[in-house]
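In what follows, a single structure is set out as structure tokens and then discussed.
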Amino acid sequence: MKKTLLITGGAGFIGSHVVRLFVTKYPDYNIVNLDALTYAGNLENLTDIEKAPNYTFVKADITDAAHINAIFGQYKFDGVIHLAAESHVDRSIVDPNSFINTNVMGTANLLNAARALWKDNWEGKRFYHVSTDEVYGSLGDTGLFMETTPYDPQSPYSASKAASDHIVRAYGNTYNLPFVITNCSNNYGANQFPEKLIPLFINNIKNNKPLPVYGDGKYTRDWLFVVDHARAIDLVYHEGKNGETYNIGGFNEWQNIELIKLLCVKMDEKLGREAGESAKLITYIKDRPGHDRRYAIDASKINKELGWKPSVTFEEGLGHTIDWYLSNEEWLNDVTTGNYQKYYSSQYSNR
Ligand code: NAD
Ligand code: DAU
């Protein structure tokens, strides 16, 4: 019997890379991609695999418990990889409730549906919850987030993800649900919605628009190429230990302003502009409220226990990402019209 695996949020940025990897690498799995197709979900991300015989798309909202239960009853999943979420910190500051509904209640609905289907007979089953390093809060100038770092989320987004992590662990502790959780650092790569730093700035540089740097620009993030995150998810799903947490990171810390300057240099080269031209677009604006100063991941556990490490250097990953955005104008134009314009002006006009 073929195994049937549910991937939630598979039309989004990271989810689409995970779906592609599983559909192509595991022809003996049926992969069901469940996604509500919010502004961040886009089936254009998956046109290359949409006709694969082992792939099915189901449009559903994880906050709709009855619908989720019916889907579990229909497909009888053997495993779940849960990525569906509201994922953008700035939006969580404007509308926290949609983050609480999707990230907390939506995760609880999936856990309840898994319990009802599997009837506490967990043999061969697995619930994989994809989470973020932001649950650990903010670091000072030194130190790294470890799996044992106490949770200290600071934004409505990270608080909702932290709550969902706690609920997954509580189901493991109370009902013996076999789960794994990973907490990953900032991803970049193809198909990321251009409200996040790297694709937003590539798009703005291309269009000669200001590059809105929050605060002093000296905030630090640890960047990982999305395909390497998908590889880690594959490994943890198949070889991770039940009940364990694994941190995933790029060993690749950058202060925002240094990363932005690098991006400007690369974009000048790619667009055939004079050196220094794109950097003139850098504009400091009002800071993000409650902005976490620094994230940095200690990914030594997944490295030592499962042998994972990033396969792509930042130089290669960034080059590939820029090339993808410059050669996928239609994708970029499709997602930056209509509501995106409204979002952009309300987010940036008064700062
Ligand atoms: P994304 O915003 O690009 O995609 C989220 C997907 O979830 C979209 O396809 C959207 O349509 C879907 N979705 C949203 N609400 C839904 C709902 N109620 N029901 C069903 N589907 C819904 O996000 P992403 O950046 O790909 O992140 C995926 C996951 O990885 C999230 O759980 C996020 O917290 C986590 N994560 C992201 C990063 C990052 O850097 N982007 C890093 C670490 C962890
Ligand atoms: O660390 C993992 C997290 O990384 C994920 O859980 C989130 O889903 C993902 O969105 C990301 O969160 P960040 O808030 O770190 O990503 P973002 O791209 O929004 O911002 C990166 C940094 O750049 C952050 O310090 C804020 C800054 N920034 C961002 C934007 C959009 C700017 O200076 N200007 C901007 O316009």
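Counting starts at 1 for both ligands and their atoms, in listed order.
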Could you check which of [options] puts a non-hydrogen atom nearest to [atom]?
atom	options	value
atom 11 (O) of ligand 1	Thr8, Thr132, Asp35	Asp35
atom 16 (O) of ligand 2	Asp90, Asn186, Ile14, Leu197	Asn186
atom 1 (O) of ligand 2	Asp133, Thr220, Ile297	Asp133
atom 7 (O) of ligand 1	Gly41, Gly189, Ala85, Ser164	Ala85
atom 15 (O) of ligand 2	His88, Arg221, Gln192, Glu86	Arg221
atom 20 (O) of ligand 2	Lys218, Lys196, Arg288	Arg288

If you measure every N/O of [X] against every N/O of ligand 2, is any gap under 3.5 Å?
X	result
Glu195	no
Tyr157	yes
Pro212	yes
Trp223	no

In terms of atom number and element, which parts of ligand 1 are under 4.0 angstrom from non-hydrogen atoms of [X]?
X	value
Asp61	17 (C), 18 (N), 19 (N)
Cys184	42 (C), 43 (C)
Ala60	19 (N), 20 (C)
Leu37	11 (O)
Ser131	43 (C), 44 (C)

### Message
Tell me whether the rings of His129 and His82 are parallel (<30°), tilted (30 to 60°) or perpendicular (>60°).
### Response
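Tilted, since the angle between the ring planes falls between 30° and 60°.
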### Query
Parallel, tilted or perpendicular: which fits the ring planes of His291 and Tyr214, with parallel below 30° and perpendicular above 60°?
perpendicular
Between [X] and ligand 1, is there a nitrogen or oxygen pair with a distance under 3.5 Å?
X	value
Leu34	no
Asn187	yes
Ala84	no
Ser87	yes

### Per-atom contacts, ligand 2 versus Val89 - under 4.0 Å to a heavy atom
14 (O)
### Query
Which ligand 2 atoms does Leu200 reach within 4.0 Å, using its non-hydrogen atoms?
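Listed by number with element, the hits are 36 (O).
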### Task
Please state whether His291 comes within less than 4.0 angstrom of ligand 2, counting heavy atoms only.
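His291 counts as a contact of ligand 2 under the 4.0 Å cut-off.
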Examine the proximity of ligand 1 to [X] and report which part, side chain or backbone, both or neither, has a heavy atom under 4.0 Å away.
X	answer
Tyr157	side chain
His88	neither
Asn42	neither

### Summary
The side-chain contact (heavy atoms from CB on, under 4.5 Å) partner of Ile233 among Val180, Ile7, Leu83, Leu21 is Leu83
#### Entry: Criterion side-chain contact (heavy atoms from CB on, under 4.5 Å) against Pro194, the qualifying member of Ile202, Thr336, Asn204
Thr336
Measure the distance from [atom] to every protein heavy atom, then report the residue, atom name and distance (to 0.1 Å) of the closest one.
atom	value
atom 7 (C) of ligand 2	Ser87 O, 3.4 Å
atom 29 (C) of ligand 2	Tyr214 CE1, 3.6 Å
atom 27 (C) of ligand 2	Asn256 ND2, 3.5 Å

### Message
Less than 4.0 Å is my threshold; does some heavy atom of Gly106 fall inside it relative to ligand 1?
### Response
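Checking ligand 1 against Gly106, which is what was asked, there is no heavy-atom contact under 4.0 Å.
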### Query
For ligand 1, is Ser185 a contact, meaning one of its heavy atoms is under 4.0 Å away?
yes
### Pair Lys25 + Asp234: basic N to acidic O under 4.0 Å
yes
